[in-house]
Number of protein chains: 2
Amino acid sequence: MKKPLSEPDLPMEAASVSDGTLRSLHGYQIKRAFNVIQSDLNRTLKPFKLRMITYTALILIVDNPGLRQSQLAEAMDIERPNLVVIIDELERRDLILRDRLPSDRRAYALKATLAGRRLCEKAVAAVQAHEERLLKGINPDALRTAMKVMQLIEANRHRET
Amino acid sequence: MKKPLSEPDLPMEAASVSDGTLRSLHGYQIKRAFNVIQSDLNRTLKPFKLRMITYTALILIVDNPGLRQSQLAEAMDIERPNLVVIIDELERRDLILRDRLPSDRRAYALKATLAGRRLCEKAVAAVQAHEERLLKGINPDALRTAMKVMQLIEANRHRET
DNA sequence: TATTGTTATACTCTATAACTATA
DNA sequence: TATAGTTATAGAGTATAACAATA
């Protein structure tokens, strides 16, 4: 929706797209913003061979050593099966490791390796630059408000089948 | 991230996930909100056999009769090839039709059928209820601010490369 | 019985290259 | 040559059922 209203050189038959807000669909604006963030972030993370989802998993493991996969999946709000391949990928690259919990031999304690912590810190710096770029010109109060709104939306999740 | 901090009955080995904001990653909060919206909306649209993306295309065609596919793709911020299957689906269900433009026989003028307009209006009502539910308790000013922030993020899209 | 991690699978959304028919 | 729509395809995210090992 870069061109908000009518273009001068369109033939009569072609309509102009009504500007901005789709009626009754705030969700689509959030989708568009998210797509921009995701593709820009993935470009930023490419040199580290990380994606948004693997970066998120790595940073949570670095910041919360000993996390179980089920806890991490809940924290990331993804399904357990989908986390497995992410953990596999990080483990194969020796960025994290799966330690068996003696107290519960079904579960793993996830821990970052030194290499994982180092890569994470470098990636964090790049991501900070990415966010500065993408959030440039946005009033910090407005941004805080927006993030609070995102949390409220998440909290209003509809759980009944 | 429903449980913000430590759970009382966890064994010592298990760490608690640090609450809320992932350091330097506003994007992930937006992702989570979007996922909630998308899955709730798709559930809402299921009785109409629509999804977020087909609903969006339909409403834009209803509101902008004569739209070309390329214009619609740009308005929805998706790639032209991905729009084709969406238009196919709506056309197969006789909700819209592709009219050849006499002035440019490469292009189509997209128009909603009566059935399409009727389904659209019913879906709009359901979506309004969905958004009321999901945005319940959110200050309208805060919501407006959040939507403006989403637009600004979209406008800061990184285009080089 | 219930839970942790796993496998397999299916569906959706996104992105790109290459084609056709028109301009 | 450029553009509108199309085909084919690949990649990534998400969701569910069912299983083995363990609780």
Side-chain angles (χ1 to χ4, degrees), chain A residues 7 9-11 13-14 27-28 30-32 34-43 45-46 49-57 67-74 76-89 91 98-110 157 161, chain B residues 7 9-11 13-14 27-28 30-32 34-43 45-46 49-57 66-74 76-89 91 98-110 161:
Chain A
E7 300 170 47
D9 55 333
L10 281 181
E13 295 90 344
Y28 208 73
I30 299 176
K31 172 195 184 132
R32 300 162 66 98
F34 170 62
N35 285 349
V36 168
I37 290 170
Q38 163 123 300
S39 73
D40 185 283
L41 180 62
N42 283 341
R43 210 177 314 140
L45 289 173
K46 197 154 200 181
K49 295 200 180 86
L50 291 170
R51 306 185 306 284
M52 185 183 216
I53 205 165
T54 53
Y55 170 78
T56 305
L67 212 57
R68 292 164 171 228
Q69 288 186 203
S70 57
Q71 293 176 308
L72 180 55
E74 196 195 352
M76 293 178 63
D77 202 18
I78 63 178
E79 299 301 319
R80 268 58 96 226
N82 296 328
L83 183 61
V84 173
V85 290
I86 293 164
I87 297 301
D88 283 349
E89 185 178 329
E91 193 182 35
R98 286 189 243 230
D99 254 10
R100 275 284 178 209
L101 275 177
S103 59
D104 183 345
R105 294 185 35 74
R106 293 171 303 181
Y108 291 113
L110 301 174
R157 162 177 258 147
T161 310
Chain B
E7 302 171 47
D9 55 333
L10 281 179
E13 295 90 344
Y28 208 73
I30 298 175
K31 172 194 183 134
R32 299 163 66 100
F34 170 64
N35 285 350
V36 168
I37 290 170
Q38 164 124 298
S39 74
D40 186 282
L41 180 62
N42 283 341
R43 209 177 314 139
L45 289 173
K46 197 155 200 180
K49 295 198 180 88
L50 292 170
R51 305 185 306 283
M52 186 183 216
I53 205 165
T54 54
Y55 170 79
T56 306
L67 211 58
R68 293 164 172 227
Q69 288 185 203
S70 56
Q71 294 176 305
L72 180 54
E74 197 196 351
M76 293 178 65
D77 202 19
I78 63 176
E79 299 300 318
R80 268 60 94 225
N82 296 328
L83 183 60
V84 173
V85 290
I86 292 163
I87 297 300
D88 283 349
E89 185 178 329
E91 193 183 34
R98 287 188 242 230
D99 254 10
R100 275 287 180 208
L101 276 176
S103 60
D104 184 346
R105 295 185 33 73
R106 293 171 303 183
Y108 291 114
L110 301 174
T161 308

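Reckoned from all heavy atoms, side chains included, excluding hydrogens, waters and symmetry mates. Letters go in sequence order (proteins before strands), and every chain restarts at 1.
Within 4.0 Å of A:L83, counting heavy atoms only, lies no atom of the nucleic acid at all.
Contact annotation: A:K31 does not reach the phosphate of C:dT12 (side-chain N/O to OP1 or OP2, under 4.0 Å).
For the pair A:E74 CD and C:dT4 P, the computed distance is 10 Å after rounding to whole Å. One atom, CG of A:D40, and another, P of C:dT14, lie 16 Å apart when rounded to the nearest Å. Counting to the nearest Å, the P atom of C:dT14 and the CZ atom of A:R43 are 16 Å from each other.
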Give every pair of a protein N or O atom and an N or O atom of nucleotides 5-10 of chain C that lie under 3.5 Å apart, one pair per line with the distance.
{"residue": "C:dG5", "atom": "OP1", "partner": "A:Q69", "partner atom": "N", "Å": "3.1"}
{"residue": "C:dG5", "atom": "OP1", "partner": "A:Y108", "partner atom": "N", "Å": "3.2"}
{"residue": "C:dG5", "atom": "OP2", "partner": "A:S70", "partner atom": "N", "Å": "2.6"}
{"residue": "C:dG5", "atom": "OP2", "partner": "A:S70", "partner atom": "OG", "Å": "3.3"}
{"residue": "C:dT6", "atom": "OP1", "partner": "A:R98", "partner atom": "NH1", "Å": "3.0"}
{"residue": "C:dT6", "atom": "OP2", "partner": "A:Q69", "partner atom": "OE1", "Å": "3.2"}
{"residue": "C:dT6", "atom": "OP2", "partner": "A:Q69", "partner atom": "NE2", "Å": "2.8"}
{"residue": "C:dT6", "atom": "OP2", "partner": "A:R98", "partner atom": "NH1", "Å": "2.8"}

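Every residue two or more places apart in sequence or in another chain was checked for a salt bridge (Lys or Arg N to Asp or Glu O under 4.0 Å) with A:E79, and none qualifies. Residues forming a salt bridge (Lys or Arg N to Asp or Glu O under 4.0 Å) with A:R80 (at least two apart in sequence, or on another chain): none. Considering only residues two or more places apart in sequence or on other chains, B:N42 meets the side chain to side chain donor-acceptor pair (under 3.5 Å) condition with none of them. In this structure, the side chain to side chain donor-acceptor pair (under 3.5 Å) partners of A:R100, at least two apart in sequence or on a different chain, are A:Y108.
Classification of B:K31 and A:D77 as a salt-bridged pair fails, no side-chain N sitting under 4.0 Å from a carboxylate O.
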Checklist entry - Stepwise, does the side chain to side chain contact (heavy atoms under 4.5 Å, CB included) test hold for A:M52 with A:I37? => result CA-CA 10 Å; A:M52 185 183 216; A:I37 290 170; 4.3 Å; yes

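Where B:M52 and B:R105 each meet DNA chain C at their nearest nucleotide, the meeting point lying more 5' is that of B:M52. Both A:D104 and B:N42 lie close to DNA chain C; mapped to their nearest nucleotides by heavy-atom distance, the more 5′-ward contact belongs to A:D104.
The backbone N or O of B:I86 lies less than 3.5 Å from no partner atom in the side chain of B:E89, so there is not a single donor-acceptor pair.
Here CG of A:L67 is found 8.5 Å from CD1 of A:I87. Values are rounded to the nearest 0.5 Å.
With a heavy-atom cut-off of 4.0 Å to chain B, the contacted part of DNA chain D has its first and last nucleotide at D:dA2 to D:dT14.
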